[in-house]
Each structure stands twice: as C-alpha cells, then as structure tokens.
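What follows is a set of notes on a single structure, which appears directly below.
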Amino acid sequence: MEKLNKMNSDISQTSIDSIFSILKEKNNLQQLKNSSSKERIAKIKKIEAYILNPKNHNSIAQALFKDLRKSNEEVISTEITPIVLTIKNVYKNLKDWMLDKHVPSPLTMAGMSSYVKYEPKGTVLILSPWNYPFQLTVIPLIYAIAAGNAVLIKPSEISKNTSGILKLMINELFSENEVAILEGDASVATKILKKPFNHIFFTGSPAVGKIIMRAAAEHLSSFTLELGGKSPVIIDETANIKSTAEKIAWGKCLNSGQTCIAPDYAIIHKSKTAAFLKEFEKTINKFYNSDNKGIENSKDYCRIINEKNYLRILSLIDDAVNNGAQKVISSSSIKEDNFIPPTVLTNVSFEMKIMQEEIFGPVLPVFEYENKEEVIDYIHLLPTPLALYIMSNSNKNITYFMNNTSAGGSAINELMVTTVNPNLPFGGFNNSGIGKSNGKHSFIDFSNERGVVKRKWGNLKLIYPPYSEKIYDLFKKIIRL
Ligand code: NAD
C-alpha cells in the first residue's frame, strides 16, 4: 500500500489530464446525459450487489478496522446501511426526480408554459475525507451517477486501507469513462483541481474547503462543500439527564468522536451539571467498560486515525489543562495504539485552543450557564455550526434557542440523526459548509436545473418597438402605478 500511495503522489499532470479527457469526452457525456433512469439504476445496483457480497463486505470491514479499528457493528450501522438506504431511496424516486417539473406561469406569460429540466452537470469530482471513508465516498458517487455524470474520485490518503478497497471496487464495476478513481495526497488533489470540472463535491475541513473554493473559481466550477466545525449541545434545566448523558456519550464516542456532526462541546444549565457528569461517567462505563477490563479493551471503541491527530487532540487537552481547565472524566491514553479515552473538561474558556478548532476526538468541554441569554452569547462567539442540538422538555426554551441561533441542521432531544432522513437537506452554513445534500437535494446538486419556457400560443409583439403609450399604460396597470 505504501508503494501504491507513493506511486500515486508521483502521478504526473499528463496522466491526470488524460484520465480527465476520457471522462470529459463529448460523446461520452452525451451518452450519460441521454441515459434513462433504468440505466442509471442498473449502475447503482452494481454498487449495492458489490457491497452486499459477503466477501466484499468482509474486505470493507477489515479495511475500516485497520484504518479506525471500527467494530463490525459500527461498520454496518454507519458505513454500509446508509449506502444501502440511499440506494433504495434512489430506486424509488429517480424516475420522478428526472422528469421535467412543470411550474406555474404568471399572467404576464399568457400563452407560455414553464418547466425545469434536470441535466447532468457533466464531469464531476468527489474529494472525500477519512472519518467515514467508505460511505462519504460512495454516497456522493451514487447521486452523481443518478444525475447522469461522469465521475472522478479522490479518496483520503489517510484512510489508506479503505481507499485501496474503494479503488478495487470502482475499477471492477465501472469503465474508465464512467467513474475513475485516483488515490493520493494533497499534491495529487492539487493537480486534479487544475482541471475544469463542472462540479466539485468536497467533504472535509473548512481550511481545505477554502482551497477547493479558490480552485473552483479558476474555472467557475460549481461546488458543494460539506465541512465541519464546532457543533454545540445545549442542555437546559428541564432536560432528562439520564437519556441526555447516554445520547451525548454515544454521539461523542462513536468513531472516537471523529464525526462531523458529533456534539463538539456542551452548554449546560448550572443546576444540572453535577447530575450530568455523574450520569455521563456511569454511561461511559456501561458502554465501554462493563467487564472492568478497561475502555482500551472494548471491542466497540475506535482509535484515532493516526499519530498526528492523536498528538493534536492531546495537545488541545494539555493546553486547556495548563490554562485552568479540569479533567473531570478521563483515563490514560495509549500512544502506540492512538487510543484516547472519553474525556470531559470543565472550567473551560473560549480563549483556549480547544474552543478555537473542531476537536474531532472523544473530548467534551462543558460550559455552565444560569440564564438563556448566556447560551446565545457563547454560541455567537463561534462561526455557524454544522449542527446544533437542544436537550430540553420546555417548548418555550426550545423555541428560544432555535430562534436565536443558526446552524446547518438541528436535532431536538436527539443527536446526529439529521442525516438519516433523505427528505431533509443536509449540510452546513458558511464556515460549516456551502450547499445541501441528501435525497433529492443531492440529485439537484449534481444537476443543472435548466429553466425552460415554451410558447404555445400568442406572441409578445405588443411590446416590440416602436413603443406606444399603450404599452406604457399596460405596464402601469400591471404594476398598479
Ligand atoms: P481534509 O480537509 O484534510 O481532507 C479532505 C480531502 O481533501 C482529502 O481527500 C484530502 O486528501 C484532500 N486534501 C487535503 N489537503 C488538500 C489540499 N491542500 N488541496 C486539495 N485537497 C486536499 O479533511 P479530513 O481531515 O479528511 O476530514 C475531517 C474534516 O472533514 C473535519 O473537519 C470534518 O468535520 C469534516 N467532515 C465533514 C462532513 C460533512 O458531511 N459535513 C463529513 C465528514 C467529515
């Protein structure tokens, strides 16, 4: 694998140019554009059959175990099932999504009909991250194919075992003019980004998102940026503390906190802090240490992806502690294993490094508040989050928190499920992302919505020059001047 990655980092601009020109070839794109929903579904079905084949499923699970030590249960629930459910939703709806959508025409357009025609954008690029490396590559691919595009994929070089599996799958299922895949690091991505893609679908960090946006500007390519950020969870004085502690322990520790929509930090009503910390610790032990063998021996607890990120997270904890934060829940980390235990910090301030960047690890800073306005002040210290969660049994409080904040998405008395409903748009806002995906939103994202007007009877002769006062009077009537 090392050798393979080295080879890919060395990939020349000329090779990338030739891969791109195959995908971009005029007749190829026309054929994809003309393809029916049945033909597109047949391609997507190949993906489903591949991942549901027990042999391939095992290889995928093994790769994810090697990359992140994901358990089989997390592989099936967070990597495979979202793909299969996406595919089923596409089967059900693609024919309808592809139909021209007729829209009403105003009276001023008498004699004309109007409709939206969905065309593929053309040649699209998918750049994916390492945290859910399989599903965050395959789901955008499904929608790109559903919309009739030719696709180039560059998965993350960091989750290299999963990227290797993705490469095998793509090369087995697709011809080079349908879907191509290139492994490699930022230097390969930089070369790829020189090409004039019709659309770039990027999932990753806000820092790299800015690089993607600049590259897209060169060719005026459209883009979707699925980014991250610091997603707060608010716990008010009416929240059910036991279930809140369970939900946050799950959300914070799933994939060892390396989830874009994980709760990054908590803001809790002062009257509930002690009870929450007690329940949180109890839950962590119930989840990962019920046999008293230590969390590091739980088969269900993932590892940090690599040493670089392991050291980054520890340095955030150290900086917080050196500046007065208290580690109230924690145990020892293990360097050789990139293991960081669930950790809770109190006495945290927004000046600390841990509050200046997305944690992306199993560490929960906890802030306390006494009145609701303080919560809003805290949240407005940071850019708009990808997700904002509210744990409360007071409709008045929920309305107040919803109306005084903004976020890419929100869940009330639940965490992270916003991605599960394909009818809801998923994505951030400004720093946490640009553009929305999921279900029809993704189909539209990978399509050009062509607005079409068709004249059925009549004409516009009345408004052609030479102008008369009649025209002036007509427009005065229309706008009631
Ligand atoms: P990243 O931004 O470092 O990398 C993402 C992709 O960009 C990778 O394929 C990488 O090779 C490529 N890349 C890296 N540097 C580049 C450069 N200079 N030029 C061009 N391409 C470059 O992100 P990551 O570390 O893989 O993933 C973690 C981030 O992704 C977190 O911020 C997380 O919140 C976010 N994320 C968001 C979502 C979402 O749906 N909104 C989902 C998962 C992860």
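For the numbers below, each heavy atom of this structure counts, side chains included, while hydrogens, waters and symmetry mates do not. Note that the structure is predicted; figures quoted are calculated from it, not measured.
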Full working for side-chain contact (heavy atoms from CB on, under 4.5 Å) between Glu48 and Lys88: CA-CA 9 Å; Glu48 186 182 34; Lys88 294 203 183 312; 3.1 Å; yes
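- Residue-environment remark: OH (Tyr50) exceeds the threshold of 12 foreign heavy atoms within 6.0 Å.
- The main-chain N or O of Phe446 is found under 3.5 Å from a side-chain atom of Asn149 such that the two form a donor-acceptor pair.
- Between the side chain of Asp319 and the main chain of Lys353, a donor-acceptor pair closer than 3.5 Å is present.
- Aromatic pair His441/Phe426: centroids not less than 6.0 angstrom apart.
- By the 6.0 Å contact criterion, CD on Glu119 is enclosed, its count of non-hydrogen atoms from other residues, nucleotides or ligands being greater than 12.
- Residues Phe223 and Phe202 place their aromatic rings such that the two centres sit no closer than 6.0 Å.
- The aromatic rings of Tyr265 and Phe350 lie perpendicular to each other, with more than 60° between the two planes, well past the 30° mark.
- A donor and an acceptor atom, one from each side chain of Asn27 and Gln31, are nowhere located under 3.5 Å apart.
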Check against side-chain contact (heavy atoms from CB on, under 4.5 Å), Lys70 and Ile76: CA-CA 10 Å; Lys70 280 195 201 215; Ile76 197 159; over 6 Å; no
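- Formation of a donor-acceptor pair under 3.5 Å by the Ser231 side chain with backbone atoms of Pro385 is not found in this model.
- Ring centroids of Phe360 and Trp130 are separated by less than 6.0 Å, placing the two rings close together.
- The aromatic rings of Tyr301 and Tyr288 lie perpendicular to each other, with more than 60° between the two planes, well past the 30° mark.
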Step-by-step side-chain contact (heavy atoms from CB on, under 4.5 Å) determination, Tyr132 to Asn255: CA-CA 9 Å; Tyr132 290 86; Asn255 206 25; 3.3 Å; yes
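- Aromatic ring centres of Phe20 and Phe197: separated by under 6.0 Å.
- Here Thr418 pairs with nothing under the side-chain hydrogen bond (donor to acceptor under 3.5 Å, both in side chains) rule; sequence neighbours left out.
- For the 3.5 Å distance criterion, the side chains of Asn198 and Lys24 qualify, holding a donor opposite an acceptor.
- Judged by distance alone, with hydrogens and angles left aside, the side-chain atoms of Ser128 form no donor-acceptor pair with the main-chain N or O of Thr137 at under 3.5 Å.
- A distance-only check finds no donor-acceptor pair linking the side chain of Glu218 to the backbone of Ala215 [under 3.5 Å].
- The number of heavy atoms from other shown groups lying within 6.0 Å of CE (Met213) does not exceed 12.
- Ser105 and Ser114 share a side-chain donor-acceptor pair at under 3.5 Å.
- At a cut-off of 3.5 Å, with distance as the only test, no side-chain donor of Asn58 or Gln62 sits close to an acceptor on the other residue.
- Environment of NZ in Lys46: crowded, with over 12 heavy atoms of neighbouring residues, nucleotides or ligands closer than 6.0 Å.
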CA sep, side-chain torsions, deciding dist, call: Tyr310, Arg303, side-chain contact (heavy atoms from CB on, under 4.5 Å): CA-CA 9 Å; Tyr310 168 87; Arg303 294 301 184 259; over 6 Å; no
